[in-house]
Protein chains: 2
Amino acid sequence: MQKQQSTFSIAAVERDTGLPKDTLRMWERRYGFPQPERDSNDERLYPADQVDKLRLLKRLIDQGMRPGKLIMASADELARLLENHQPKGIECPAAASRCSSLIELLRLHRADELRRALQQVLLKQGLQEFVTSTIAPMNQMIGSAWLRGEIDVAEEHLYTEQVQNILRNAISAQGGGSRPRVLLTTLPDELHVLGLLMAEAMLVSEGATCVSLGTQMPLADIDAAAQAGGFDIVALSFSAAFPARQAIDGLTALRQTLPANISLWAGGRALAERKPGIAGVSIITDIADATGALEEWRNKNLQ
Amino acid sequence: MQKQQSTFSIAAVERDTGLPKDTLRMWERRYGFPQPERDSNDERLYPADQVDKLRLLKRLIDQGMRPGKLIMASADELARLLENHQPKGIECPAAASRCSSLIELLRLHRADELRRALQQVLLKQGLQEFVTSTIAPMNQMIGSAWLRGEIDVAEEHLYTEQVQNILRNAISAQGGGSRPRVLLTTLPDELHVLGLLMAEAMLVSEGATCVSLGTQMPLADIDAAAQAGGFDIVALSFSAAFPARQAIDGLTALRQTLPANISLWAGGRALAERKPGIAGVSIITDIADATGALEEWRNKNLQ
DNA sequence: GAATCAATTTGTCCAGGACAAAAGGTGGCG
DNA sequence: CGCCACCTTTTGTCCTGGACAAATTGATTC
């Protein structure tokens, strides 16, 4: 494939950025950006740099900013805004160096060694600490490396696969089996599975019974499954890329249909910044707080 | 959520059926179907039965049929056509009854017991037979139960999760480590991961070295990753829901960019019916043939 | 049977208008 | 000072109807 193909059709841009065709045309009409070239058939051809800027715009808008304020800014300014919003380095230097060396293996495509190294760290730290002080910071580092273009799709997927294998393995090995019963899933449009597995790992370690439905579960089906399965808690995960508004809307709607005796928990980077505060929904901003929330639930519900 | 909400906006229908808004409007203009009602603001409202028929149409078209021939048919006729195309029961009665009892557990939402039962069958059969004579027929049965509406989203996801855990676990336990080196993934728009894991399980059992990149890998990145990682084989998986044409196009394009010394394998239900025959691409119609293909490769390439 | 060419089918794009829903701002009131 | 009701602006999605290229089919010839 032509990696350096320099222009994209409107359909390609829609796939690539997640901005609907209608919106792309409307922005062009209203704001004068983007301003694609035209091919012989008068169809839009977006240059790569405009697509890059559109990607940045989309992410900022998903975080709650408004197009009108952003669209005049340069790509550099947008990138700076995005960095301000997102990643505030890793505090602990030990964790940072541990993660860096793992990421180095990833960059070299050493899948086997990466796997072995992860396994080793897991054994040393134990599951909960592995999740909170290795996987969580790694996700963050990889996220920002991805934004900077230092990591490509294949590497990111490879990472996800390896971590997924390790976590699923570790979760299976844990017992679980007592209360509460937790149903884990994500809303439609959320494809990222690692947050879910991290939450499951934390909770299973504390003896909770977890059932994961994977990603992309329609609201109505979450509700039905939670009631049918006799669950105490429904836990949803939202990655950094998930539009905050969509998350809030979904949680609000689900809280309304879900019976009051089933708790609703939500976690993930999408909600970490602007902690929304929705009546009857527990927002867990840091994965390490999951154990605390569980303890709290047990104190309340098992006298 | 209102499960029995009887009408859908055009955006909802697009999400639900995968048919673009433009196409929905064009069909209405050209063929007179669908013929949605309008709300107070003159926006289309599609009744549920029309959406059901659209779903059937989409699947048949993805199999290579033409809209003009199908669109006049009733939903019943379409359903019959689809059944003719797809599922031809399970031959082996032992396998069928084994699968039925597992599916029964699924229907009852007994996640734990399902897991234990699967684990037990795996231990009894061994990984390869487990994949070929338990998982493969189960997928098929669940697929048709899903078409008949006997299984809902949550149950289908629960099944996928449980099988995924079992397979990932089993794959990790196998050694692998010798040639060939196989890169496994799916094309964009293909979300189903079980086919990939089944293939990985078969190949790892034979001692091949497998690296999975999970689902949804853009063509250009598959090419780049295969070359960078020194792989001998790229293996792609296509579920029954994947449009055959899109699969063929993708395979053709990938074959062109991929160096000749890297083999390209493709498998899955999407290709099982109309075995396409693409120069330089091995189509593996039955998961059990994976071992044979591997042997063949070894005979050719390690003298 | 294979290959070439014309006719038909089909999906995607375009322009520009309309409008509802969301967000932001303002002022009064407790 | 916080909160609520109301108004203005912003923003995205939908609409119509026209156009055309790409894919597919069918006819004709070799």
Side-chain angles (χ1 to χ4, degrees), chain A residues 7-46 54 57-58 60-72 189 243-250 252-253 274 276-277 279, chain B residues 7-46 54 57-58 60-72 189 243-250 252-253 274 276:
Chain A
T7 58
F8 302 82
S9 71
I10 195 169
V13 175
E14 179 182 43
R15 266 199 309 275
D16 214 90
T17 63
L19 293 163
K21 299 184 185 69
D22 272 332
T23 300
L24 290 168
R25 287 195 272 258
M26 186 52 105
W27 284 5
E28 183 180 344
R29 218 197 299 177
R30 284 214 182 112
Y31 310 119
F33 180 88
Q35 200 138 46
E37 302 154 28
R38 299 301 181 113
D39 70 3
S40 59
N41 194 36
D42 218 36
E43 301 191 344
R44 291 172 174 79
L45 285 181
Y46 294 83
L54 286 168
L57 279 170
K58 172 65 157 58
L60 285 163
I61 290 166
D62 284 347
Q63 307 250 316
M65 311 226 160
R66 311 209 67 187
K69 314 266 172 161
L70 298 171
I71 208 147
M72 311 300 296
D189 295 345
R245 173 151 343 274
Q246 204 176 327
I248 294 167
D249 291 350
T252 310
R274 18 155 37 207
Chain B
T7 58
F8 301 83
S9 72
I10 194 169
V13 176
E14 179 182 42
R15 265 199 309 276
D16 215 271
T17 63
L19 292 164
K21 298 184 184 73
D22 272 333
T23 300
L24 290 168
R25 294 197 195 96
M26 187 52 107
W27 284 5
E28 182 179 344
R29 219 199 296 178
R30 284 213 182 113
Y31 309 119
F33 180 89
Q35 200 138 45
E37 303 155 26
R38 299 300 179 112
D39 69 4
S40 58
N41 194 36
D42 218 35
E43 301 190 347
R44 292 172 173 79
L45 284 181
Y46 294 83
L54 286 168
L57 279 170
K58 172 65 157 58
L60 285 164
I61 290 167
D62 284 346
Q63 309 248 317
M65 310 226 161
R66 310 209 69 187
K69 315 265 172 165
L70 297 171
I71 208 146
M72 310 300 297
D189 294 344
R245 171 142 304 103
Q246 202 175 327
I248 294 167
D249 291 349
T252 310
R274 17 153 41 204

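Order of the sequence lines sets the chain letters (A, B, ...), proteins ahead of strands, with each chain counted from 1. Keep in mind that the numbers below use all heavy atoms, side chains included, and drop hydrogens, waters and symmetry copies.
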ask   = Less than 4.5 Å apart, any side-chain heavy atom of A:Asp62 and any of A:Lys58?
value = yes
query = Are any of the side-chain heavy atoms of A:Leu24 and A:Leu54 separated by less than 4.5 Å?
reply = yes
key: From B:Gln35 atom CD to B:Phe33 atom CZ, the distance as rounded to the nearest 0.5 Å   = 9.5 Å
key: Spacing of OG1 belonging to B:Thr23 relative to CG belonging to B:Leu57, to within rounding of 0.5 Å   = 12.0 Å
task = Taking heavy atoms of chain B and a 4.0 Å limit, find me the 5'-most and 3'-most nucleotide of DNA chain D within that range.
result = D:dC14 to D:dT25
message = Between B:Arg66 and A:Asn41, which residue's closest nucleotide on DNA chain D lies nearer the 5′ terminus?
response = A:Asn41
inquiry  = On DNA chain D, does the nearest nucleotide to A:Glu43 precede the nearest nucleotide to B:Ala12 from the 5' side, or the other way round? Give the residue.
reply    = B:Ala12
Results of side chain to side chain donor-acceptor pair (under 3.5 Å) for [X] - residues two or more places apart only:
X: A:Asp16; result: A:Arg55
X: A:Asn41; result: A:Glu43
X: A:Asp189; result: A:Gln246

Rounded to whole Å, how long is the line connecting atom [atom1] of [X] with atom [atom2] of [N]?
X: A:Asp249; N: C:dA23; atom1: CG; atom2: C1'; answer: 13 Å
X: A:Lys21; N: C:dC14; atom1: NZ; atom2: P; answer: 9 Å
X: A:Ile61; N: C:dA23; atom1: CD1; atom2: C1'; answer: 14 Å
X: B:Met72; N: C:dT9; atom1: CE; atom2: C1'; answer: 16 Å

task = Heavy atoms only: give me the nearest B:Tyr31-B:Pro67 pair and the separation to one decimal.
result = OH-CB, 4.4 Å
ask   = Taking all non-hydrogen atoms of both residues, which atom of A:Val13 and which atom of A:Phe8 are closest, and how far apart?
value = CG2-CB, 3.7 Å
Tabulate atom names and distances for all N/O pairs under 3.5 angstrom spanning the protein and nucleotides 15-18 of chain C.
{"residue": "C:dA15", "atom": "OP1", "partner": "A:Arg38", "partner atom": "NH1", "Å": "3.2"}
{"residue": "C:dA15", "atom": "OP1", "partner": "A:Arg38", "partner atom": "NH2", "Å": "3.1"}
{"residue": "C:dA15", "atom": "OP2", "partner": "A:Arg44", "partner atom": "NH1", "Å": "3.1"}
{"residue": "C:dA15", "atom": "OP2", "partner": "A:Arg44", "partner atom": "NH2", "Å": "2.6"}
{"residue": "C:dG16", "atom": "N7", "partner": "A:Arg29", "partner atom": "NH2", "Å": "3.0"}
{"residue": "C:dG17", "atom": "N7", "partner": "A:Arg29", "partner atom": "NH1", "Å": "2.9"}
{"residue": "C:dG17", "atom": "O6", "partner": "A:Arg29", "partner atom": "NH2", "Å": "3.2"}

Think [X] has a side-chain N or O under 4.0 angstrom from the OP1 or OP2 of [N]?
X: A:Arg245; N: C:dA23; result: yes
X: B:Thr23; N: C:dT12; result: yes
X: B:Tyr31; N: C:dT10; result: yes

query = Taking five pairs at each end, how big is the angle between the two axes of the helix from C:dG1-D:dC30 to C:dG30-D:dC1, to 10°?
reply = 40°
Listed partners of B:Arg38 passing salt bridge (charged side-chain N to carboxylate O under 4.0 Å, His left out), at least two apart = B:Glu28
inquiry  = For B:Arg25, give me all partners under side chain to side chain contact (heavy atoms under 4.5 Å, CB included), at least two apart in sequence or on another chain.
reply    = B:Ile10, B:Lys21, B:Asp22, B:Arg44
